[in-house]
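Below is one structure, written out as C-alpha cells; the observations come after it.
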Amino acid sequence: MSRMPFVAGNWKMNKTVAEARDLVPKLSVQLREVANVEKVLCPPFISLFAISSLLEGSDIGLGAQNMHWEEKGAFTGEVAPGMVKEFCNYVIIGHSERRAYFGETDENVNRKLRAALKFDLTPIVCVGETLDQYESGRTSEVVRRQISLGLADTDSVNARGIVVAYEPVWAIGTGKVAQPEQVAEAHAHIKNVLRNLQLDSVKVLYGGSVKADNCDKLIQLPGVDGFLVGGASLEVDSFLPIARAGMD
Ligand code: PGA
C-alpha cells in the first residue's frame with residue numbers, strides 16, 4: 001500500500017462525556033506507538049469539546065459524525081460546519097445510518113461535502129449497497145451513483161482531500177464481513193470511478209464489522225487504504241490492533 005493508511009473510529013451514539021474522558025487518555029497513550037497511520041476519533045458532538053483538549057499535542061485527529069450544510073440559522077438540533085471546525089478537522093458524511101434513518105439523500109451528501117471542503121474539513125464520505133441491492137447484483141451501479149452525485153460539482157483540486165469509506169450496509173454491525181474478493185472488487189470499482197473523476201489520490205477505506213481478527217487480511221487487499229470502524233472503536237483493546245494493522 002503506497003499511501004499512509006487511515007483508521008477512523010466512529011463511536012456512533014455511544015459514550016457519555018464522562019466515559020469519553022475516561023477512554024481517550026488511555027487510547028491516546030496506546031495509539032502513540034502507532035506511527036505513520038492517520039488516526040481519527042469521531043465521537044458524538046457533545047464530547048468534541050472535551051476530547052479536543054484531551055488530544056492537544058497528540059497526532060490523533062478529531063471528526064464529527066455529521067453536520068448541516070448551512071452556515072447558520074433556524075435549523076433546530078443541527079450543527080453548522082463552522083461549529084464543527086472549531087474542534088475538528090474531519091467529518092463523516094452520508095453514513096448509511098443517516099441515509100436509512102434520517103432520510104439523507106445523495107443531494108444532501110453533496111451539499112454537506114461542499115460545505116466541508118469550504119470549511120477545510122476532510123470529509124469521510126460513506127457509500128455502500130444494501131443487502132437487497134447486493135443480492136440483485138447492483139453494488140457497482142449503486143456505489144457509482146453515490147459517488148458521482150455525492151461528489152458532484154466539487155473542484156477537483158479541493159476534492160483530492162476527500163476520503164471515501166466503502167461500507168456494505170449488510171456488513172455494518174452485523175458481524176458479517178464481506179469476503180476479501182468482494183471487498184477487493186468493490187474497491188477496484190470505486191478507484192476506477194474516482195480515476196474517471198480525476199481523483200486518483202482519494203483514499204478508500206473499508207468499513208463493516210472490521211475487527212482485530214480480520215483487519216490484517218483486509219488491509220492487504222489492493223485498494224484498501226484503511227478502515228472506518230464502528231463497534232470495535234469503543235474500547236482500547238479492540239481498536240488498537242486495527243490501528244496497528246495499518247503500520248506496515
Ligand atoms: P461496525 O460499523 O464496525 O460496527 O460494523 C462500521 C460503521 O458503521 O462505520
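Positions are given from 1, in the same order as the sequence printed here. For ligands, and for the atoms within them, numbers begin at 1 and follow the listed sequence. In this text, all values refer to a predicted model and were calculated from it rather than measured experimentally.
In this structure, atom 9 (O) of ligand 1 lies nearest to the protein heavy atom Glu167 OE2, 2.7 Å. The single protein non-hydrogen atom nearest to atom 4 (O) of ligand 1 is Gly231 N, 2.8 Å, given as residue, atom name and distance.
Taking the six-membered ring where the residue is Trp, Phe87 and Phe49 present perpendicular rings, their angle passing 60° and hence far from 30°.
The shortest N/O to N/O separation between Gly208 and ligand 1 does not fall below 3.5 Å. Distances between N or O atoms of Gly230 and those of ligand 1 include at least one value under 3.5 Å. Backbone and side-chain nitrogen or oxygen atoms of Lys211 are examined, and none is located within less than 3.5 angstrom of a nitrogen or oxygen of ligand 1.
Atoms of ligand 1 lying under 4.0 Å from any heavy atom of Ile172, numbered from 1 in the order shown and given with element: 2 (O), 5 (O), 8 (O).
At least one heavy atom of His95 sits less than 4.0 Å from an atom of ligand 1. Put simply, part of Gly173 is less than 4.0 Å from ligand 1, judged by heavy atoms.
Of all the listed residues (Lys176, Gln65, Lys12), Lys12 holds the heavy atom that lies closest to atom 2 (O) of ligand 1.
Between Glu56 and Ser53, the side chains place no donor N or O within less than 3.5 Å of an acceptor N or O (distance only, hydrogens not considered). Side-chain contact check for Trp170 and Glu129: at least one donor-acceptor pair (N or O, by modelled atom type) lies under 3.5 Å.
Ring pair Tyr90/Phe6: centre-to-centre distance below 6.0 Å.
Contact annotation: for Asn10 versus ligand 1, heavy atoms closer than 4.0 Å belong to the side chain alone.
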